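Proteins get letters first, then strands, A, B, ... in listed order; numbering begins at 1 in each. All figures in this text were calculated on a predicted structure; none of them were measured in a lab.
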Amino acid sequence: MSTTTTGCLDVRGLDVTLRSGEGRDLHLVRDVTFSVGSGERFGLIGESGCGKTTTLMSLMGLLGADATVGGEVRIDGTEILGSGERDVRRRRWSEIAVVFQGAMNSLNPVVTIGRQIAEAARRGAGSGSGVRERVHRVLELVGLRAEVARRYPHELSGGMRQRVAIAMAVVCEPRVLLADEPTTALDVIVQAQVLTALENACAETGAALVLVSHDMGVIGEVCDRAAVMYGGEIVETGRIETLLHEPAHPYTRLLVDASPRLSDPGRELASIPGAPPRPGVDHAGCGFAPRCPDRFEPCGSHGPALLPVATALQQARCHLHHPPAEEAP
Amino acid sequence: MSAAAEVLARGRRRTRRRTRRLPSPGLAFSVALLGVFAVGALAAPALFPDGSGAQVGAPYATPSGAHLLGLDDAGADVVAELLWGARVSLLVGVLAGVMTVILGGVAGLVSGYFGGWFEALLMRVTDFFLVIPVLPVMIVVAALYGTRLVNTIVIIALLSWPGTARVVRSQAKTVRQRLYVRRARAMGASHGRTLVHHVLPQVAPLLGASTALAIGHAIFFEAALRFLGLADRNTTSWGQMIADSFERGAITAEAWWVLLPPGLAIGLVLLSTTVIGRRFEQRTNPRLAVSHLGLRSFRRAAAAKEAS
Amino acid sequence: MAPLRVIGRRLAGAGVLIWLAVTFDFFLFRLAPGNPVDQMSRIPQGSRQLQDQLTREFGLDQPMVVQYVRYLEQLSQGNLGVSFVNRQPVTDNLIDAIVNTLPLVGLGLLIAIVLGIGLGILAGAYRGRPIDHGAVTLATFMYSLPPQWIGMVLLFLFAGTLPTGGMVDQFLIDPTPTQYLADLGRHLLLPALTLGLVMFGQYTLIMRSSMVETLSDDYVLTARAKGFRPRYVLRRHALRNALLPTVTLIGLSIGAMVGGAILIEVVFSWPGVGRTIYDSIVARDYPMMQGAFLVFTVSVVLFNLLADAAYSLLDPRVRRAGAAR
Amino acid sequence: MSEDAPALAIDRLDVRYGARKAVDDVSVTVRGGELVAVVGESGCGKTSTAMAAVGLVRPAAGSIRVNGVDLVATRGRRRRELLRSIQLICQDPYEALDPRFTVEDVVSEPLLVHRVTTSGAERRRLVVAALERAGIPSADSYLGRYPHQLSGGQLQRVAIASAIVLEPEVLIADEPVSMLDVSMRAGVLRLFADLRDAGIAIVMITHDLITAAQYADRVVVMYAGRVVEEGRPDVVLSSPLHPYTQALLAAVPDPERSRDTARPALPGEPPDLAALPPGCRFRPRCAAAIDACATIDPELAPAGQRASRDLHRVACIRVEAARSETASGRAGAAPAEADGTRPRLPVRSTEGPVS
């Protein structure tokens, strides 16, 4: 990928290290690079502990003093990582907003829905007037009646609260919307309502969406492109159709085969032997090598790089496609 | 699990184990302090064989090399009084505290685990005791039923157990709801087995915490009863020393060496039992933490600190 | 209407508690060992005749149930009997005492709340820092000290500058209202400060842990994600939620405060309800003791009701759902 | 105990929590060697049914027969023996194992509870055998480990080992893979299929229709405390008759779906179980409801094509009406065959505000 392409959100070489309680460093995210265009929907797939949530939190600048974040993060070409706390705060919500996993808990229990959204709305550049209309508009956008504004969080169901969280996230029309497992722990029917709300919200505001999920089905249905994460690294990235039908990395392939699919319900699901690595623990060679069915000699000793496969749109971090130089014939 | 929690879960778990291994300076200090008082109480007859109240010099003599904390209104050595007093104060504390926890622990465990009418009854009783001001009841009972040391101990225990029962009950109730307890029941395990193998280990740290705190409270209440003249005057205790210094003019005599030691002793012992009790509480599973004084586990505080 | 139903249920609950307290009060005194007349009369070795007379006077020759009904009857008319000491109706004596106790408890509570919640917020906001450790240690230690002793230490420290006992200066003749209030205030200062010092530790600890917990809640993280200033997040999102459990605790702590008030009133010779109960013990004034005890229990129930009401007002989950506890 | 009695027969089960009817007139039968999947959204009563089946919840009415013996009516020793033959596997393996127990403690606990053997060596042999049967190779090396040292998949296998160590005839699995990472799920599901093949009757509770379809012999769909559809998975998935089943299927994320078509989804929320609407409880959300739906509470009745009638049952009067119409009108022509397609009922999509 050429370095000149700029999306709405540009993440380049993102690296997150966390100082643990014992003073040991956990290298949670390594060299994460991706770019999302305006109105585009980008997915981050991975299993628990793969670093996808940490990536999101570092984009929001919410990791706290124990974490060291390296690399570049640009919104519309402006670097945001190095800027000061005040500047980061200014950008939050007006340029980059987030929907957290447990939306049930991300609403203040003693404040009405309407006031919470209005509070968020005032963060934006817009003037004080018309806040009420904006609140009602975003509620409608996510399929909720304006009447919901007068209610308290505990009076709504989990799915409705999650949709409120989405409404709140887009009320300032941010350039980038991050969503962290927005449908985990929700039933399929509620999940469908929430995903529709998310899509409508992004379509209406033109925000670039970064959707984090462990569910191939959800990512596949919503996103245009996606990155697969494993052990803190992106192991493959490309268009959804490519990832689903021509995965380059063995992990992607197995993950796709392990996910049930409506179109082919009779298919035997795959399972990957072994357990995922502990987050942040450094390893020699490829992180997936211990569980990889296709591993060969260099995998244990040389860490592969993320390089294009077939077309520039698809990239994989695997020796199968790019044998290390000394091993090449 | 919150977003940040996912990131920190593993590191946090390790930190917890570490805090378990290394007692904090506060805890070491508390245990040492209690140890010093306990040893002093036991050694009192050997160090001061004349017993409490023995006159060794002029009233309100200032502290000196011979009498480190000076003499009180009767010319008795304040150090001797303090050590002899520790015997009674600590005895009342330990006996009343243990009695409180036995009564409250059994009631709480049984009602929390089995539920039903017993629990409903216990809840009413504890609700009642929660609003009834304990000290006035103690005063009235002591005034009506007599002031012997045994009475003091029994009164304190009888009026304190509902608090322990309440805390133990809610912990037992939470543990009962735990998946592995339900699984054991589904497997066909008897109530006895489930209680002993699954519930009790989870409640045990709380019983430890309750004991520590109940000991502190008992010492506190004993001092209050003494102050109001509702305890056995034939023995001395820290509470009695405070009462005496009030009634016999230690303040007017500006005898700070008489006034300060008993109050500080009670304060330090209670501080120690609170610190130890809190430590016990932290050993209960953080996700089911219920606690005394309404203080949710301090462990969570530590966890939150890491997360932010 | 749900709120009305909630209030109704709370009132009914408080009514039941007051009835229980009244009944408890009755049986506590009746079931005491020995003949209550022996126990209570000021002349334990009084003549046979006097004892019989007293027995009849108190209706002690009647069955317990009859005594109980009579007790409730008299109570409903505000009749708590006559004090042995000054031959005045207990009710009259108690009203004077309550009027005297209120400013003490009121100012003491205010000091405790301001000091306790303020320090708790500070400790919670700076959790893990030295200020937090200091606040927690101080609060725990103060909470561990006997109230009577704190009072005595204050007496010792301020003996020269502030009045050490009573409510008014006996030598102040015909004071103007301003003079009177200033004098009252000077007398009130030490006992109220003692009560405040006794109580604030508990509030600090609760407020702190409540703050810490709230600050780790997801909606606080969300508020930070929205880019609000930390101070704003603290004030608008954390504080109100953190205050909720503290409000309940303040209601519940009134019981402990009453205990503290008894000891403090004795130390400072403050002519309140606590002092009354102490004097009645010393004088074996049985009707006064029973009456003062009743005042304590009923006031604690009422304060709990008040705290519940405040909680309901602050927490929409209780206010709207109408589900009590 | 009769020979031909099914391993587990739940009959007209009612479970109440106060005024809430969590389970209302539910019947499910499972034979040895059969895997039945119970599917539905949270709060539909599937977990309450499972809890009642293992004796953790006392039903308000109905019977739960294990090999023909009613668990509800049995007390004391007999009940404990019955409980031995029906074992539960919980959703969250991280919570289901006592953190203070080692793997060996966990798996040998049922043996101790039921006093299977007094010999420690024999017990250990049984524990190791159960662990290996649950797919934990070299089980010896796992015996001394604590739950926090194992991965989710391993934990669930340990939980399964402790359930099968008593050789039960019925296993109730409550969402056994939903807490596991995707890469671990298939292995655990495969294990259930193997246990089924070994003759155990298995009830698997799940919200995932696709996995249910793949491993189950029969699918039972529940809504608001009722069974609304039941049948062979291929039949239910390919020709769902109840509008709720159709909505459930339509809501499954599908990467192949075209981006241009609106995602079909059911509006609204499930009804309050304490105040169920009159008639069919799905009516308020059903786009195909007719007037009669407001008054008639439909019974589960055979449906679909004749060949699969015994297997496919549905609780919807629209389906019944369609069938009886054609039966009285044109003899021999079932509605499905009339126009060559299934009688698919329309499902509303979520455009416009809903709450």
Do D/E229 and D/T245 get their side chains close enough for a donor-acceptor pair, meaning under 3.5 Å?
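The criterion, which ignores hydrogens and geometry beyond distance, is satisfied for D/T245 and D/E229.
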- Message: Are A/H249 and A/Y230 an aromatic pair, judged by ring center distance below 6.0 Å?
- Response: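 Centroid distance A/Y230-A/H249: not below 6.0 Å, so no.
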In terms of heavy-atom proximity below 4.5 Å to chain D, should [X] be classed as side chain, backbone, both, or neither?
X      : value
A/L156 : neither
A/V222 : both
A/D257 : neither
A/E268 : both
A/I189 : both

Atom group of [X] that falls short of 4.5 Å from chain A, counting heavy atoms:
X      : result
D/D234 : neither
D/S42  : both
D/E256 : side chain

Can you find a heavy atom in the side chain of A/H136 that is under 4.5 Å from one in the side chain of A/E140?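 Not in contact.
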* Any side-chain heavy atom of A/R253 sitting closer than 4.5 Å to one from A/D294? ->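 Yes; the side chains approach each other to less than 4.5 Å.
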- Spatial distance of atom CG (A/L198) from atom CD1 (A/I166) [nearest 0.5 Å]: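 One finds 4.5 Å between CG of A/L198 and CD1 of A/I166.
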### Query
Which residue out of D/A251, D/P253, D/G153 racks up the most heavy-atom pairs below 4.5 Å with chain A?
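Of the candidates given, the most pairs with chain A belong to D/P253.
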For the interface with chain D, which of [options] has the highest count of heavy-atom pairs at distances below 4.5 Å?
options                        : result
A/V188, A/D215, A/I240         : A/V188
A/P276, A/P273, A/A197, A/C223 : A/C223
A/L195, A/I219, A/L141         : A/L195

Ignoring hydrogens and geometry, is there a side-chain-to-backbone donor-acceptor pair from [X] to [Y] under 3.5 Å?
X      : Y      : value
D/R218 : D/V36  : no
D/Q156 : D/V177 : no
A/R41  : A/C202 : no

